[in-house]
Amino acid sequence: MFKILKKEVLAPKTILMETYAPLIAKKAEPGQFIVIRVNEKGERIPLTIADFNREQGTITMVFQEIGKTTNLLGTKNVGDAISDILGPLGNPTETDRYGTVVTIGGGVGIAPVYPLSRKLKSLGNKVISIIGYRSKDFVFWEERMRSSSDELLIATNDGSYGAKGFVTDVLKNLIDKGTHIDRIYAIGPAIMMKAVADLTREYKIKTIVSLNSLMVCGMGMCGACRITVGGETKFTCADGPDFDAHLVNFDELMKRLNTYKKEEKISFEKWKEEVGYGA
Ligand code: NAD
């Protein structure tokens, strides 16, 4: 059992939870993820490790309440426990001193961008971060992102905070201004990562994305998270989750992400009825 030490609502339907998991905290690196089961009958879901504190033995997850399991997790409070947390899984994000690096986060994807930006900055890179939210109400971790970046650019879809538009609009402006960029990392919705890849392919800027495929085992055995990268079948969990954005078949990824939408909806509706959720 993993005790919940902190819970914070960061934005609508966006929850931060910190749990005591010293063995995971000891080994976790930016880019890695965990697979959790909220209770012993629960389904397994992957969540990116949004932060970790080796001294305190804690890990932080930031998740969106979307379906049954994430909403069930959202009902847990400080003092409650999560039945199982498996990790750290996946390969750490490859980092080095590249020069000028742009880190891009979209919505909940901003959470894993934070420790990555912090690491890239500590390695001596100039870090320009671009973070995008739907609107001002959804803004979270602005200060954390500012402290881990040399320059922070914010966009909201409706222009209620920062620049109006998508992260890709801000990135295009940056490139068009003549900013030299050695490498880009992007984490967020698949459609955003695809849009970033399409843009940077044109400019031949090396771009790394962290994929959010559906997963079951998280260790390369079940094949649920398979994707096509450079024409080859890869497992997001064991081969990734980071891949060269220009080689990923995003259309296939998005199609596979929607495979169980109908079943997910039925399961969520059934659960809401059972527990009287929202009544
Ligand atoms: P969202 O729909 O609110 O979008 C966030 C931002 O992404 C937008 O504000 C915009 O700037 C950008 N964006 C969206 N659509 C775009 C498009 N068509 N073109 C260019 N930019 C676009 O995001 P959300 O609802 O917070 O969802 C976050 C997503 O991040 C989820 O899909 C989640 O699975 C994913 N995620 C991925 C990881 C990972 O490791 N890969 C980790 C956490 C979250």
Side-chain angles (χ1 to χ4, degrees), residues 10-17 28-36 45-51 60-67 69-70 87-93 102-117 129-142 145 153-174 184-200 207-215 218 225 227 236-237 240-243 245 248 250-251 253-254 256-258 261 264:
L10 297 179
K13 298 263 163 214
T14 309
I15 313 282
L16 173 150
M17 259 181 201
E29 290 291 343
Q32 290 188 294
F33 64 93
I34 48 177
V35 165
I36 72 159
I45 58 160
L47 290 174
T48 312
I49 301 172
D51 204 0
T60 303
M61 46 193 143
V62 174
F63 61 93
Q64 226 172 2
E65 293 173 306
I66 297 179
T69 299
T70 46
L89 299 168
N91 301 295
T93 299
V102 174
T103 57
I104 302 175
V108 186
I110 291 163
V113 166
Y114 162 63
L116 173 62
S117 305
S129 299
I130 304 174
I131 51 177
Y133 306 88
R134 278 177 223 181
S135 70
K136 191 171 188 237
D137 293 343
F138 287 83
V139 173
F140 70 92
W141 280 16
E142 178 183 350
M145 284 304 302
L153 303 165
I154 303 174
T156 49
N157 301 6
D158 60 2
S160 51
Y161 196 65
K164 185 176 191 305
F166 288 157
V167 286
T168 37
D169 298 314
V170 178
L171 176 63
K172 187 160 187 336
N173 274 338
L174 200 66
I184 295 178
Y185 294 88
I187 311 179
I191 186 76
M192 178 205 94
M193 296 190 281
K194 178 180 197 286
V196 171
D198 289 344
L199 176 65
T200 62
T207 303
I208 307 295
V209 285
S210 170
L211 301 185
N212 55 339
S213 316
L214 295 179
M215 278 184 201
C225 66
I227 44 151
T236 302
C237 65
D242 290 353
F243 293 97
V248 173
F250 282 103
D251 293 331
L253 170 71
M254 289 190 281
R256 287 183 60 81
L257 281 171
N258 284 322
K261 276 277 175 287
E264 284 167 10

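Computed from heavy atoms alone, side chains included, the values below leave out hydrogens, waters and symmetry copies. In each ligand, atom 1 is the first atom listed, and ligand 1 is the first ligand listed. The structure displayed is predicted, hence computed values, not measured ones.
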Is a side-chain donor or acceptor of E65 paired with a backbone partner of T70 at a separation under 3.5 angstrom?
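No: the side chain of E65 does not pair with the backbone of T70.
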
How about M17 and L47: do any of their side-chain heavy atoms sit closer than 4.5 Å?
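Counting from C-beta outward, M17 and L47 never come under 4.5 Å.
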
Does the side chain of L174 reach to within under 4.5 Å of the side chain of V102, using non-hydrogen atoms?
yes

State, to 0.1 Å, how close [X] and [Y] come at their nearest heavy-atom pair, and which atoms those are.
| X | Y | result |
| --- | --- | --- |
| F33 | G218 | CZ-O, 4.0 Å |
| S210 | I187 | CB-CG1, 3.8 Å |
| V108 | V62 | CG1-O, 3.8 Å |

Any idea which protein heavy atom is nearest [atom], and the distance to it?
| atom | result |
| --- | --- |
| atom 19 (N) of ligand 1 | F166 CD1, 3.3 Å |
| atom 8 (C) of ligand 1 | N157 OD1, 3.4 Å |
| atom 5 (C) of ligand 1 | G107 N, 3.3 Å |
| atom 4 (O) of ligand 1 | P189 CG, 3.6 Å |
| atom 26 (O) of ligand 1 | V108 N, 2.9 Å |
| atom 32 (O) of ligand 1 | N212 ND2, 3.5 Å |
| atom 1 (P) of ligand 1 | R134 NE, 3.9 Å |
| atom 15 (N) of ligand 1 | I191 CG2, 3.7 Å |

Could you give me the CA-CA distance, side-chain angles and deciding distance for L171 and T200, then say whether side-chain contact (heavy atoms from CB on, under 4.5 Å) is met?
CA-CA 9 Å; L171 176 63; T200 62; 3.9 Å; yes

Work out whether the distance between some heavy atom of G188 and some atom of ligand 1 is less than 4.0 Å.
yes

Mind checking whether [X] contacts ligand 1 via backbone (N, CA, C, O), side chain (CB onward), both or neither, at a 4.0 Å heavy-atom cut-off?
| X | value |
| --- | --- |
| V167 | both |
| P112 | side chain |
| F138 | neither |
| V62 | neither |
| S210 | both |

Check the pair M192 / F166 against side-chain contact (heavy atoms from CB on, under 4.5 Å), numbers first and verdict last.
CA-CA 8 Å; M192 178 205 94; F166 288 157; over 6 Å; no

From atom 12 (C) of ligand 1, work out which of K194, Q64, M193, M192 has a heavy atom at the shortest distance.
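Comparing heavy atoms across K194, Q64, M193, M192, the nearest one to atom 12 (C) of ligand 1 lies in M192.
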
I'd like a table of donor-acceptor pairs (distance under 3.5 Å, sequence neighbours excluded) in which one partner is a side-chain atom from residues 129-136, with atom names and distances.
residue, atom, partner, partner atom, Å
S129, OG, T103, OG1, 2.8
S129, OG, S149, OG, 2.7
Y133, OH, F140, O, 2.5

With respect to I187, determine whether any N or O atom, backbone or side chain, lies less than 3.5 Å from an N or O atom of ligand 1.
no

Under 4.0 Å to a heavy atom of G109 - the qualifying atoms of ligand 1, by number
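Taking each heavy atom of G109 in turn, ligand 1 has 30 (O), 43 (C), 44 (C) under 4.0 Å.
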
Could you list the atoms of ligand 1 found under 4.0 angstrom from a heavy atom of A195?
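Once the distances to A195 are compared, the set is 19 (N), 20 (C).
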
Can L253 and K194 be said to form a side-chain contact (heavy atoms from CB on, under 4.5 Å), step by step?
CA-CA 10 Å; L253 170 71; K194 178 180 197 286; over 6 Å; no

L16 vs W141, side-chain contact (heavy atoms from CB on, under 4.5 Å): CA-CA, chis, key distance, verdict
CA-CA 11 Å; L16 173 150; W141 280 16; 3.5 Å; yes

